[in-house]
Amino acid sequence: MGKKDSVRYVCNNCGAVSATWSGRCHVCGEWNTIQEELAVSSINVAQAGKALQTQTVSASLAKDQPRVKTGQEEVDTVLGGGLVAGSVNLVAGQPGIGKSTLLLQLAYSVSKSHPVLYVSGEESAHQVGLRAQRLGTTNKNLQLATSTSADDIASTISQADYKLVIVDSIQTVACKDISSAAGNVSQITNSTQLSSAAAKQSNTALILVGHVTKEGSIAGPKALEHVVDVVLQLEGDRYGGFKVLRAIKNRYGSTTEAGIFEMTDKGMQPVSNPSAALLAERQVSDGSIVLATLEGTRPLLVEVQALVNRTSYGYPKRAASGVDLNRVNLLIAMLERRTKLNLADQDIYINIVGGIRLTEPGADLAICMAIASAARGMQLKANAVVFGEVGLSGEIRHVPFIDKRVAEAKKLGFEAAIGPVLKGAKSPSKYVGVKDVRAALNTFLEKD
């Protein structure tokens, strides 16, 4: 008979195993890499289990269950059509961004047709109840529990008949067999694996709330993102603006979709026309360019603002909000080399209005034209939107979904669209293609 399962200590760097903890690994010499985990006893392979029962792929599809609709169209779109039974979903975001609010609304919507359990490890039942009362999300099918025991949560998932279980948050729960504190790498890994096994065994959709570090990455081991099926990130400004829900990982759908929300007194509400809301307070001036970008496959019009001012110091300052500063510095260097703009002694500030963060390269041309417009005090000749990727030689490169961008611009009353030259394809009406940045600046910018 094998020995009882015990605790062992494993180095995250080299994988060396030891019976006791130490600050430095005795094999690779790295410091603070040894973590505690459960050690599975060695058992004779012949006695370890029984042969697995196999089936064909078509037979497994015949038993497939319909997805659970969350009642939030934006969330369903990001998930790929709804929650999959037995799936483990991780939702992460900055503190105060609205994770708990969104998930409580989601739990209420699902509870209208299925039993749902909301497990809180951070707040008391009274605190969660107050939020539910404010949001109007009380339902007899929505059950509430408070616990920080991963063993108790897993047992509840296995024994009860819940369609959806939400654990808020995974950093607050702990396994009793691990001596370290909650939030430790070992606790997060083992608690997630224990809850996941219970969810898949009982065919229950599980949503875990995850914390993030000050750099914005998900707190805990990288293995946490590998273990779960879906990783969703809620981004945006916690004090205002839009909140964007993105899928970083999705085993059951696309990772290109995004849901856009706005925090109100009734909770997180989807934004039906974000482009109109983002441009509602726009003032036409130098340094202001409207960009036709994409959030997933959804076209979105946002205002790119630039401010250029002569520096008072020996080293010019460059700052960017809503876009990568390294990308902005690269575009500034390209403008100095490929155009007649002299920006070496200028402070340059870039702002993306509305708390939206741009990640696609199609924003390059709008940023370049905003900087040039602010530097020379010029405006666009036409009421147009701008998009296109810019190379280091100043050439404007192709971007996807041009038809969608142009259609969104027409819907909001813009008269034209400026982008890359289309080769071998029919251009949309009122679309103007430009070859390089210099031609774009000389053709479309004029003194106001």
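These numbers come from a predicted model, not from an experiment. No hydrogens, no waters, no symmetry mates; every other heavy atom, side chains included, goes into these values.
Arg282 CZ: more than 12 foreign heavy atoms inside a 6.0 Å radius. Annotation for Lys340: atom NZ does not count as buried by contact number, only 12 or fewer foreign heavy atoms lying within 6.0 Å. Residue Arg67 qualifies as enclosed at atom CZ: its count of foreign heavy atoms under 6.0 Å is above 12.
Counting heavy atoms from C-beta outward, Phe242 and Val302 have side chains that stay 4.5 Å or more apart. Put simply, the side chain of Thr137 does not reach to within 4.5 Å of the side chain of Asn139, judged on heavy atoms. Put simply, the side chain of Met334 reaches to within 4.5 Å of the side chain of Val390, judged on heavy atoms. Looking only at side-chain heavy atoms (C-beta outward), Leu300 and Leu278 come within less than 4.5 Å of each other. Counting heavy atoms from C-beta on, the side chains of Ile418 and Leu380 come closer than 4.5 Å. In this structure, the side chains of Asn326 and Leu330 stay at 4.5 Å or more apart for every pair of heavy atoms. Residues Phe387 and Leu291 form a side-chain contact, since some pair of their non-hydrogen atoms from C-beta on lies under 4.5 Å apart.
Distance alone, capped at 3.5 Å, places no donor-acceptor pair between the Ser288 side chain and the Val284 backbone. Remark: side-chain polar atoms of Thr264 are paired, donor with acceptor, to backbone N or O of Gly267 under 3.5 angstrom. Side-chain atoms of Asn309 never come within 3.5 Å of backbone atoms of Asp347 as a donor-acceptor pair (strictly under, hydrogens ignored). Using modelled atom types, one side-chain atom of Lys200 and one backbone atom of Gly86 make a donor-acceptor pair closer than 3.5 Å. A donor-acceptor pair is defined here as one N or O able to donate and one able to accept, closer than 3.5 Å; no such pair exists between the side chain of Gln187 and the backbone of Gln171. Side chain of Ser393 to backbone of Glu395: no donor-acceptor contact under 3.5 angstrom is found. Looking only at distances, no side-chain donor or acceptor of Gln143 sits under 3.5 Å from a matching main-chain atom of Pro115. With hydrogens and angles ignored, the 3.5 Å screen pairs no side-chain donor or acceptor of Lys163 with any backbone N or O of Ser113. A donor-acceptor pair under 3.5 Å is absent between the side-chain atoms of Lys411 and the main chain of Val406, judged by distance alone. Of the possible polar contacts, none joining the Lys249 side chain to the Thr255 backbone as a donor-acceptor pair under 3.5 Å is found.
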Next item on the list: Take Glu257 and Thr297 through the side-chain hydrogen bond (donor to acceptor under 3.5 Å, both in side chains) test and state the conclusion after the steps.
Entry: CA-CA 6 Å; Glu257 298 294 343; Thr297 57; 2.9 Å; yes

Item checked: Stepwise side chain to side chain contact (heavy atoms under 4.5 Å, CB included) check, Asp229 with Val84 -> CA-CA 10 Å; Asp229 301 310; Val84 175; over 6 Å; no

Check: Does the side chain to side chain contact (heavy atoms under 4.5 Å, CB included) test come out yes or no for Tyr431 and Leu422, once each step is laid out?
Finding: CA-CA 10 Å; Tyr431 175 80; Leu422 300 181; 3.8 Å; yes

Checklist line | Candidate pair Gln233 and Ile218, rule side chain to side chain contact (heavy atoms under 4.5 Å, CB included), full reasoning | finding: CA-CA 9 Å; Gln233 184 99 14; Ile218 299 175; 4.0 Å; yes

Check: Hey, mind stepping through Leu245 and Gln72 against side chain to side chain contact (heavy atoms under 4.5 Å, CB included) and telling me if it holds?
Finding: CA-CA 12 Å; Leu245 183 69; Gln72 298 276 353; over 6 Å; no

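Residues satisfying the side-chain hydrogen bond (donor to acceptor under 3.5 Å, both in side chains) test with Ser429, not counting sequence neighbours, are Lys410. For Asp345, the salt bridge (Lys or Arg N to Asp or Glu O under 4.0 Å) partners at least two apart in sequence or on another chain are Arg310. Considering only residues two or more places apart in sequence or on other chains, Lys222 meets the salt bridge (Lys or Arg N to Asp or Glu O under 4.0 Å) condition with Glu225. Among residues two or more places apart in sequence or in another chain, the side chain to side chain contact (heavy atoms under 4.5 Å, CB included) test is passed with Ala333 by none. Scanning for side-chain hydrogen bond (donor to acceptor under 3.5 Å, both in side chains) contacts around Arg357 gives an empty result, with sequence neighbours left out. When the salt bridge (Lys or Arg N to Asp or Glu O under 4.0 Å) test is applied to Glu360, the partners found at least two apart in sequence or on another chain are Arg405. In this structure, the salt bridge (Lys or Arg N to Asp or Glu O under 4.0 Å) partners of Arg298, at least two apart in sequence or on a different chain, are Glu74. For Val353, the side chain to side chain contact (heavy atoms under 4.5 Å, CB included) test picks out Glu303, Gln305, Asn351, with sequence neighbours left out. Contacts of Asp76 classified as side-chain hydrogen bond (donor to acceptor under 3.5 Å, both in side chains), with partners at least two apart in sequence or in another chain: Thr70.
Contact between Val78 and Arg246 at its shortest, heavy atoms only, is CG1-C, 4.1 Å. In terms of heavy atoms, Ile178 sits closest to Ser186 at CG2-CB, 4.2 Å. The shortest heavy-atom contact between Gly362 and Val399 is CA-CG1, 3.7 Å. Here the closest heavy-atom approach between residue Ala198 and residue Ser158 is recorded as CB-OG, 3.3 Å. Closest of all the heavy-atom pairs between Cys14 and Cys28 is SG-SG, 3.7 Å. Closest of all the heavy-atom pairs between Ala150 and Val173 is N-CB, 4.4 Å.
A donor and an acceptor atom, one from each side chain of Glu122 and Ser169, are located under 3.5 Å apart. With 3.5 Å as the limit, one finds no donor-acceptor pair spanning the side chains of Ser196 and Thr192. In this structure, a donor-acceptor pair under 3.5 Å is absent between the side chains of Ser149 and Ser147.
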N/O donor to acceptor pairs below 3.5 angstrom from side-chain atoms of residues 93-102, sequence neighbours left out:
| unit_1 | atom_1 | unit_2 | atom_2 | d |
| --- | --- | --- | --- | --- |
| Lys99 | NZ | Gly93 | O | 3.2 |
| Lys99 | NZ | Gln94 | O | 3.2 |
| Ser100 | OG | Asp168 | OD2 | 2.7 |

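Here the options are Thr204, Leu206, Val230, Ile207, the test is side chain to side chain contact (heavy atoms under 4.5 Å, CB included), and the partner is Val88; only Leu206 passes.
Sorted by first and then second residue, the salt bridge (charged side-chain N to carboxylate O under 4.0 Å, His left out) pairs with a member in residues 131-149 read Glu123-Arg131; sequence neighbours excluded. Sequence neighbours left out, not one pair with a member in residues 262-281 passes salt bridge (charged side-chain N to carboxylate O under 4.0 Å, His left out).
From Asp152, atom CG reaches atom CD1 of Ile157 across 11.0 Å, with rounding to the nearest 0.5 Å. Rounding to the nearest 0.5 Å gives a distance of 6.5 Å between CG of Leu224 and CD1 of Ile188. Rounding to the nearest 0.5 angstrom, the gap separating the CG atom in Leu335 from the OG1 atom in Thr339 is 5.0 Å.
Under 4.0 Å is where a charged nitrogen must lie from a carboxylate oxygen, and between Asp364 and Arg327 at least one such pair does.
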